[in-house]
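Here the structure is laid out as structure tokens; the discussion comes afterwards.
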Protein chains: 2
Amino acid sequence: MDMIVRTKDEVALGGLEDAPGFLLRMAQLKVYEQFFDQVGDHRIKPGEFSVLWVISCNPGIRQSLLGQRLLIKRAHMTKLIRALEEQGLVSRRIPDEDRRAVELSLTTKGRVAVETASQWFFAYEQSLGANLSAGERERLIALLKKFIGMKASGL
Amino acid sequence: MDMIVRTKDEVALGGLEDAPGFLLRMAQLKVYEQFFDQVGDHRIKPGEFSVLWVISCNPGIRQSLLGQRLLIKRAHMTKLIRALEEQGLVSRRIPDEDRRAVELSLTTKGRVAVETASQWFFAYEQSLGANLSAGERERLIALLKKFIGMKASGL
DNA sequence: TATTGTTATACTCTATAACTATA
DNA sequence: TATAGTTATAGAGTATAACAATA
């Protein structure tokens, strides 16, 4: 019969180690830590990059739709976009069809910034999960996509 | 809560949908959202529960070790533990062997609270990933454990 | 000198609700 | 009435740095 022997540095997690919510939280903290170790002090943070990137992929996207896709609440989105606007990266336009809405685009400066940032961003993302095999990493990505309700097919 | 009728406005993510850091962030947001939908307004939040649970599994654990395992910074740990102490759930003890350290244990009230909370906590964790098959869910858990550098024993 | 924990400060992210202007 | 966005406020969570006590 196997005995579980713990040195005094071992910590029993009592089932927490199989709880998906807990594991996702830990994984995200590791990722965040690795981000600062690796890319350090860029002006654009991952959250801001994702906003800029999605705007660059969908010029004229409405603020509400962008927020829905990135799970950013409206009140927070307003502050985020204003900060990016003040940096001269994003421009807003009120469409005549619906004058409540705001359509977002990148400025020229914004496009340059995204172009630069995308290089370190995707290199950083590529470096995540380096301790997994290529197949495991792919499976993890596919399972996460399914977990959050994204189509697993090639979007 | 999200009763939005979607027109066919698709949003291109331009590769973001395969970025593990992005997916982990999205997954964690979904989990958090589901937590409030499902278990609502308990006094103990997931982060606090995990601290109490690990103390209950490791009576006398040192504050520094607990923080290392749960990736909670020292300054934040101090505030967290003090709040739990003020609720009468946790007690601290300065060991003679090292009078810089703090050893943590649950009070009787703390043990009762954890016993109660563990029921809804693990039910909630079990409900996560319900859109995956049992095998997929298990694989996701195993891959997350490997991703964060946990032993994937017996898989 | 290094480590453990505390204190103080600040900034980000998020939640909520009241508000406007449109539809 | 409902929707898109804004404003204001508050509370977590976390980062940093200075600090005390102890090793």
Side-chain angles (χ1 to χ4, degrees), chain A residues 9 25-26 28-37 40-51 60-87 90 92-104, chain B residues 1-7 9 25-26 28-37 40-51 60-86 90 92-104:
Chain A
D9 271 12
R25 169 88 180 132
M26 291 296 105
Q28 227 228 306
L29 287 173
K30 287 271 184 191
V31 162
Y32 204 68
E33 192 177 87
Q34 189 166 336
F35 172 75
F36 283 109
D37 285 357
D41 190 26
H42 277 272
R43 278 174 333 197
I44 296 179
K45 281 158 291 182
E48 290 172 335
F49 174 78
S50 66
V51 167
I61 189 174
R62 300 218 173 156
Q63 196 166 306
S64 55
L65 181 58
L66 179 60
Q68 280 166 34
R69 291 311 151 99
L70 297 183
L71 302 180
I72 299 170
K73 293 283 192 301
R74 282 180 309 158
H76 187 211
M77 182 60 79
T78 296
K79 285 190 283 189
L80 239 171
I81 294 299
R82 183 169 46 200
L84 295 173
E85 198 184 15
E86 279 166 5
Q87 292 178 258
V90 164
R92 321 142 130 267
R93 176 180 162 273
I94 311 288
D96 284 340
E97 319 90 76
D98 185 345
R99 296 177 42 74
R100 298 170 304 182
V102 173
E103 290 181 355
L104 303 171
Chain B
M1 194 161 178
D2 221 359
M3 49 180 80
I4 294 150
V5 180
R6 299 206 185 288
T7 59
D9 35 26
R25 170 88 180 131
M26 291 295 106
Q28 227 228 304
L29 287 173
K30 287 272 184 190
V31 162
Y32 204 68
E33 190 178 87
Q34 188 167 336
F35 172 75
F36 283 108
D37 285 357
D41 189 26
H42 279 271
R43 278 173 333 195
I44 296 180
K45 282 158 291 181
E48 290 173 335
F49 174 78
S50 66
V51 167
I61 189 174
R62 299 217 173 157
Q63 196 165 308
S64 56
L65 181 57
L66 179 60
Q68 279 165 32
R69 291 312 151 99
L70 297 183
L71 302 180
I72 299 170
K73 293 284 193 301
R74 281 180 310 158
H76 186 211
M77 183 60 79
T78 296
K79 285 191 284 188
L80 239 170
I81 294 298
R82 183 169 46 199
L84 295 173
E85 199 185 14
E86 278 166 6
V90 164
R92 322 143 130 266
R93 177 180 161 273
I94 312 287
D96 284 340
E97 318 89 77
D98 185 343
R99 296 176 43 73
R100 297 170 303 182
V102 173
E103 290 181 355
L104 303 170

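This one's a predicted model, so the numbers in the text were calculated from it and none came from an experiment. Residue numbers begin at 1 in each chain, while the letters A, B, ... track the order of the sequences.
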Touch class at under 4.0 angstrom, heavy-atom based, for [X] against every strand present:
{"X": "B:I94", "result": "nothing"}
{"X": "A:S64", "result": "sugar-phosphate"}
{"X": "A:L29", "result": "sugar-phosphate"}

Would you mind reporting whether B:R62 and B:L66 have side-chain heavy atoms less than 4.5 Å apart? no
Without decimals, in angstroms, what is the distance between [X] [atom1] and [N] [atom2]?
{"X": "A:L66", "N": "D:dA4", "atom1": "CG", "atom2": "P", "value": "14 Å"}
{"X": "A:F35", "N": "D:dA15", "atom1": "CZ", "atom2": "C1'", "value": "14 Å"}
{"X": "A:R93", "N": "D:dA4", "atom1": "CZ", "atom2": "C1'", "value": "15 Å"}
{"X": "A:I81", "N": "C:dC13", "atom1": "CD1", "atom2": "P", "value": "13 Å"}
{"X": "A:Q28", "N": "C:dC13", "atom1": "CD", "atom2": "P", "value": "11 Å"}
{"X": "B:D96", "N": "D:dA21", "atom1": "CG", "atom2": "P", "value": "18 Å"}
{"X": "A:K30", "N": "D:dT14", "atom1": "NZ", "atom2": "C1'", "value": "17 Å"}
{"X": "A:L80", "N": "C:dC11", "atom1": "CG", "atom2": "P", "value": "17 Å"}

Side chain of [X], heavy atoms from C-beta onward: which of [options] has the nearest atom to it?
{"X": "A:R25", "options": "C:dG5, D:dT14, D:dT9", "value": "D:dT14"}
{"X": "B:R62", "options": "D:dG13, C:dT12, C:dG5", "value": "C:dG5"}
{"X": "A:Y32", "options": "C:dT4, D:dG5, D:dA15", "value": "D:dA15"}
{"X": "B:H76", "options": "D:dA12, C:dG5, D:dT14", "value": "D:dT14"}
{"X": "A:R92", "options": "C:dA2, C:dG5, D:dT6", "value": "D:dT6"}
{"X": "B:R74", "options": "C:dT6, D:dA4, D:dT22", "value": "C:dT6"}

Quick one: does B:K79 reach the base of D:dT14 with a side-chain donor-acceptor pair under 3.5 Å?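 Between D:dT14 and B:K79, which were checked side chain against base, a qualifying N/O pair under 3.5 Å is present.
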Distance (rounded to the nearest 0.5 Å) between [X] [atom1] and [Y] [atom2]:
{"X": "B:L29", "Y": "B:E33", "atom1": "CG", "atom2": "CD", "value": "8.0 Å"}
{"X": "B:I44", "Y": "B:L84", "atom1": "CD1", "atom2": "CG", "value": "8.0 Å"}
{"X": "A:L104", "Y": "A:I81", "atom1": "CG", "atom2": "CD1", "value": "4.5 Å"}

Please check: side-chain N/O of A:E48 versus main-chain N/O of A:K45, any donor-acceptor pairing under 3.5 Å?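 Yes, because the side chain of A:E48 sits within donor-acceptor range (under 3.5 Å) of the backbone of A:K45.
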Looking at A:K73, I'd like to know whether one of its side-chain N or O atoms comes within less than 4.0 Å of OP1 or OP2 on C:dT14. no
Return the 5'-most residue of the pair A:E48, B:E103 with respect to DNA chain C, ranking by each residue's nearest nucleotide. B:E103
Donor-acceptor pairs are to be reported for all side-chain atoms of residues 94-101 of chain A against protein atoms at under 3.5 Å, with residues two or more places apart or in another chain.
{"from": "A:D98", "atom 1": "OD1", "to": "A:R100", "atom 2": "N", "distance (Å)": "3.0"}
{"from": "A:D98", "atom 1": "OD1", "to": "A:R100", "atom 2": "NE", "distance (Å)": "3.1"}
{"from": "A:D98", "atom 1": "OD2", "to": "A:R100", "atom 2": "NH2", "distance (Å)": "3.1"}

If you assign A:Q63 and B:E97 each to the DNA chain D nucleotide with the nearest heavy atom, which residue ends up on the more 5' nucleotide? A:Q63
Select from A:R100 and A:A75 the residue whose nearest nucleotide in DNA chain D is closer to the 5' end of that strand.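 Mapping each residue to its closest nucleotide by heavy atoms, the 5'-most match is A:R100.
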